[in-house]
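Data block below; observations after.
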Amino acid sequence: MAIDIQLLAEVTDCLLEEAACLDQRRWDDWLALYEDDCVFWLPAWDDDDVLNEDPDTQLSLIYLEGKARLEERIWRIRSGLSSSLLRMPRVTHLVTNVRLAGVRDGCQLVSANFQTDAFKHDEKRVDFFFGTYQYALRRRAEGFGIVHKKVVINNDIIPRQLDVFSV
């Protein structure tokens, strides 16, 4: 199967831009990557090898439907009203193994692997998550918009904090 190198480069650029926005706390730029009808989902594991598949009836670590819900999360991060977010960690996202996975409903399906490292300076500790991303991206006039992002965390024991910037 021939790979569309130009498409792969554009998709990879979108994923790397999202990671950079989170690392640099460019919250408005991060929000701008998402479509109004987006879904941001971190399903929980039901068992060692069984991932929850239905956010309506099974546990999710995070489930945000619609851009307004993402905006609420960013408001909470910025507001200073959450004690766990007063001292934000320094975060670095590593995104790799980006693969085109087909097209569905006019969206480019994409998968990638990730690792996110977070340094909590006040606690002198590093937490990290690793796993896979699954995206549905909609073509825009320039680049892509994120319609759906599913994050599967393979090391799902949450140390203290889990938020949109953590993964």
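Just so you know, residue 1 is the first one in the sequence shown, and it goes up from there.
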**Message:** Looking at V110, is its backbone amide N or carbonyl O close enough to the side chain of Q134 to form a donor-acceptor pair, meaning the two atoms are under 3.5 Å apart?
**Reply:** no

**Message:** Could you tell me if the side chain of F144 sits less than 4.5 Å from the side chain of E10, heavy atoms only?
**Reply:** yes

**Expected output: side-chain Y133 to main-chain V167 donor-acceptor under 3.5 Å** = yes

**Request:** Measure up the W41 and Y63 rings against each other and bin them: parallel (under 30°), tilted (30 to 60°), perpendicular (over 60°).
**Result:** perpendicular

**Item:** CZ on R25 to CZ on R78, rounded to 0.5 Å
**Value:** 12.0 Å

**Request:** Group every Ile, Leu, Val, Met, Phe, Trp and Tyr by side-chain heavy-atom contacts under 4.5 Å, then state whether V152 and L162 land in the same group.
**Result:** no

**Item:** Residue pair T57 / D54, side-chain donor-acceptor N/O under 3.5 Å
**Value:** yes

**Request:** Verify side chain to side chain contact (heavy atoms under 4.5 Å, CB included) between L8 and D4, making sure each step is shown before the conclusion.
**Result:** CA-CA 6 Å; L8 181 60; D4 184 336; over 6 Å; no

**Asked** In terms of hydrophobic clusters joined by side-chain contacts under 4.5 Å, are L15 and I5 together?
**Response** yes

**Message:** Are the side chains of L137 and C107 in contact, using a 4.5 Å heavy-atom criterion?
**Reply:** no

**Asked** With a 4.5 Å limit on heavy-atom distance, are the side chains of D28 and W30 in contact?
**Response** no

**Item:** Closest heavy-atom pair and its distance - C14, I146
**Value:** SG-CG1, 4.4 Å

**Message:** Are L22 and V11 linked, directly or through intermediate hydrophobic residues, by side-chain heavy-atom contacts shorter than 4.5 Å (ILVMFWY only)?
**Reply:** yes

**Asked** Heavy atoms, side chains only, cut-off 4.5 Å: are Q108 and L7 in contact?
**Response** yes

Review item, side-chain donor-acceptor pairs of residues 89-105, under 3.5 Å, at least two apart:
from, atom 1, to, atom 2, distance (Å)
H93, ND1, D23, OD1, 2.5
H93, NE2, F165, O, 3.3

**Asked** Hey, what do you get for CG (L33) to CZ (R26), rounding to the nearest 0.5 Å?
**Response** 8.5 Å

Run the side-chain donor-acceptor check on residues 123-132: report pairs under 3.5 Å with partners two or more places apart or on a different chain.
from, atom 1, to, atom 2, distance (Å)
E123, OE1, R160, NH1, 2.6
K124, NZ, H121, O, 3.0
R125, NE, D127, OD1, 3.3
R125, NE, D127, OD2, 3.3
R125, NH2, D127, OD1, 2.6
R125, NH2, D127, OD2, 2.9

**Request:** Report the C-alpha distance between D163 and R73 in whole Å, list the side-chain angles of each, state the deciding distance to 0.1 Å, and finish with yes or no for side chain to side chain contact (heavy atoms under 4.5 Å, CB included).
**Result:** CA-CA 8 Å; D163 211 317; R73 291 301 311 157; 2.3 Å; yes

**Message:** Is the shortest side-chain heavy-atom distance between I77 and V164 below 4.5 Å?
**Reply:** yes

**Asked** Quick one: does S60's side chain have a donor or acceptor within less than 3.5 Å of a partner on I62's backbone?
**Response** no

**Message:** Counting C-beta onward and ignoring hydrogens, is there a side-chain heavy-atom pair between Y135 and L109 closer than 4.5 Å?
**Reply:** no

**Request:** Mind listing the closest non-hydrogen atom pair of Q58 and E53 along with its distance?
**Result:** OE1-N, 2.8 Å

**Message:** Measuring only between side-chain heavy atoms, which start at C-beta, is D48 closer than 4.5 Å to V50?
**Reply:** no

**Message:** Among K67, E18, E71, which residue satisfies the side-chain hydrogen bond (donor to acceptor under 3.5 Å, both in side chains) criterion with Y34?
**Reply:** E18

**Message:** Between K150 and L51, is the side chain to side chain contact (heavy atoms under 4.5 Å, CB included) condition met? List the steps.
**Reply:** CA-CA 12 Å; K150 179 178 177 182; L51 188 65; 4.1 Å; yes

**Check against side chain to side chain contact (heavy atoms under 4.5 Å, CB included), C38 and L70** = CA-CA 9 Å; C38 69; L70 292 180; 3.6 Å; yes

**Request:** For residues R69 and E65, report the shortest heavy-atom separation together with the two atoms involved.
**Result:** CG-O, 3.1 Å

**Request:** Kindly compute the distance separating OG (S166) from CD1 (I153), expressed to the nearest 0.5 Å.
**Result:** 8.0 Å

**Complete:** Taking every heavy atom of F40 against every heavy atom of L42, the minimum-distance pair comes out as CE2-CD1, 3.3 Å

